[in-house]
Structure formats: structure tokens, C-alpha cells
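This report refers to the structure that appears directly beneath it.
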Amino acid sequence: MRADTVVVLDFETTGLSPDQGDRAIEIGAVRIENGQITDRFQELINPGRRVSEFIESYTGITNSMLKDAPPCSEVMPRFAEFIEDYNLVAHNASFDKRFLDAEFNRTPSTGYTGQFACSLLASRRIYQTASSHKLGNLVRHANIPSEGEFHRALYDSEMTAKLWMAMLERIAPLEDTSQVPFVIMQRLSKVPKDKVQSFLDEKLGGW
DNA sequence: TGCCAGGCCCTCTTTAGGGCCTT
């Protein structure tokens, strides 16, 4: 089996739906190679309009910070270079995928070929007793040290990456968590909760 | 005019509704 390098990413945005006109205002991402974070990406993006007071308060990203930030036409090509053709992970990946697709669609000659896996869906199988599956709560549940501020893109992507590695460690039958193929995590996210153990027994040979 | 996200997942389900998660 090969070591699975993945890019864990997180968007801060003006709202919940690119279909309703919402835009990305920050991208954060880290690369995981052989169970270690080996590279980082963080850029603000000027969304072309003011963000709401709610978003300023929620993310700490203010209109004055975004005023001189580069537009997506400058940031997305750099982000495409960062993610290359690696597979991608995000917490509630359907959200980040919609914004990634929308911002790439605005930028000609950019895109990605990797597949997405979702740490939220995986965590609902692996940490079935967690009181909630919000990122911050899962980080505490898994005893992952955290000292930064959630709701910033790079910090959330780093915490998601550490959660991802903790989940790999939880299910890996061997010490080398890179033995857990990306596709197994993708499939695990769709397995009925009461079938998780038998799925892992079959695919990985037990906990 | 009035609406306004989308997908997963559970249940008092499947001819549906509502909570969870992301900003």
C-alpha cells in the first residue's frame, strides 16, 4: 500500500451558499505526508463586497483586512498549485467543495483532480459517542491539543488534519496510519453506523 | 409574491419532518 498524501482545506466565506452569491474570503490548507503536516497554505481573498458584521465577528476577518486582499483570480491559481492532484479532506466537505468549485469556476485554467473525503461523516462513525461532531468539540473529544482560534481557515484546517490523523490512528491495525487508504475513509463515511466494526474488520483486519 | 443552502441521518419514515454541520 502506498502512503496517502492528502490536502486538508478549510474556507471562510461570506455565508453558507455560493448559489446565493456567497464568496470565499479566506483559504487555509495543510498537506499531510506520511502522518505529518509538511506544508501550509493561507490567503485572504477579496470577495468584491463588504462582509456582514456577523461574519466579521464569527471569523475575526474584517472588511479592513479584506480591502487590500487579492481577488480569487490571483489566489485560486496559487491554491491549485498547492493542492496539485492530491486527494482532499474537509470538515463537512460538501460545504467546502461547493466553494472550491465555485471559486475555481470563476478562474479560468484552474481546477483540481483529487477526490474529497469528509472528516465530519467519518467522525460520526469513528466517534459515535461524541456529544457533537462540530470540529471544536471533536478536537476536545479526541484530546487533541489546541491553542489557536477556531473559525480561521488555516487553524481549522490544521485542527481538521490532526483530527483526521487521530481517526486514522484509531482505526489503523498497524502503527503506520498511512496504511489506511484514502478510499477506505471515503467508504467508511457511507457505512451504516452499526456496520462500522465489521467493515473495518474486513478491510483492515480489526482495530 | 415570497421564498431564500445542501446533504446526511434519525424517526413518531418512505405520500415527511426536523436536527446537525459548514459560514
Less than 4.0 angstrom from a charged side-chain N to a carboxylate O is my criterion; do A:R152 and A:E12 meet it?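 No, this pair does not count.
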Carboxylate-amine/guanidinium contact A:D101 A:R106, below 4.0 Å: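 Result for this pair is no, no salt bridge flagged.
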Integer angstrom distance from the [atom1] of [N] to that of [M]:
N: B:dC20; M: B:dC3; atom1: C1'; answer: 23 Å
N: B:dT14; M: B:dC9; atom1: C1'; answer: 14 Å
N: B:dT13; M: B:dC8; atom1: C1'; answer: 15 Å
N: B:dC12; M: B:dG19; atom1: P; answer: 14 Å
N: B:dG18; M: B:dC4; atom1: P; answer: 13 Å
N: B:dC21; M: B:dG2; atom1: C1'; answer: 27 Å

Whole-Å distance between [N] [atom2] and [X] [atom1]?
X: A:F150; N: B:dT23; atom1: CZ; atom2: C1'; value: 16 Å
X: A:L120; N: B:dG6; atom1: CG; atom2: P; value: 18 Å
X: A:K97; N: B:dC21; atom1: NZ; atom2: C1'; value: 18 Å
X: A:L66; N: B:dT23; atom1: CG; atom2: C1'; value: 13 Å
X: A:K134; N: B:dT23; atom1: NZ; atom2: C1'; value: 13 Å
X: A:D19; N: B:dC3; atom1: CG; atom2: C1'; value: 15 Å

Any residue meeting ring pair (Phe, Tyr, Trp, His ring centres under 6.0 Å) with A:F11, in chain and number order, not counting sequence neighbours: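 With neighbours one apart ignored, the set is empty.
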Does A:F82 have any ring pair (Phe, Tyr, Trp, His ring centres under 6.0 Å) partners at least two apart in sequence or in another chain, and if so, which? A:F41
Look at all strands and tell whether [X] reaches a base, only sugar-phosphate, or nothing, counting heavy atoms closer than 4.0 Å.
X: A:Q20; result: base
X: A:D156; result: sugar-phosphate
X: A:D10; result: sugar-phosphate
X: A:F54; result: base

With a 4.0 Å limit, can you tell me whether [X] has a side-chain N or O closer than that to the phosphate oxygens OP1/OP2 of [N]?
X: A:H133; N: B:dC21; result: yes
X: A:H91; N: B:dC21; result: no
X: A:S132; N: B:dC21; result: yes

Closest non-hydrogen atom pair between A:I25 and A:V51, with its separation: CG2-CG1, 3.9 Å
Which heavy-atom pair separates A:G148 from A:Y155 by the least distance, and what is that distance?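 Closest approach of A:G148 to A:Y155, heavy atoms only: N-OH, 2.9 Å.
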A:H151 side-chain proximity, nearest of B:dT23, B:dC21, B:dA5: B:dT23
A:T59 side chain, from C-beta outward: closest of B:dT22, B:dT23, B:dG7: B:dT23
Could you go through A:Q36 and A:M165, starting from their C-alpha distance and side-chain angles, then the distance that decides it, and tell me whether this counts as side chain to side chain contact (heavy atoms under 4.5 Å, CB included)? CA-CA 9 Å; A:Q36 303 250 329; A:M165 289 190 281; 6.0 Å; no
Each nucleotide N or O in nucleotides 8-11 of chain B that has a protein N or O under 3.5 Å away: list the pair and distance.
from: B:dC9; atom 1: OP1; to: A:R125; atom 2: NH1; distance (Å): 2.3
from: B:dC9; atom 1: OP1; to: A:R125; atom 2: NH2; distance (Å): 2.4

Between A:D96 and A:L9, is the side chain to side chain contact (heavy atoms under 4.5 Å, CB included) condition met? List the steps. CA-CA 8 Å; A:D96 292 281; A:L9 63 94; 3.7 Å; yes
A:G15 vs A:R98, nearer the 5' end of DNA chain B by closest nucleotide: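 Per heavy-atom nearest nucleotide, the more 5' residue is A:R98.
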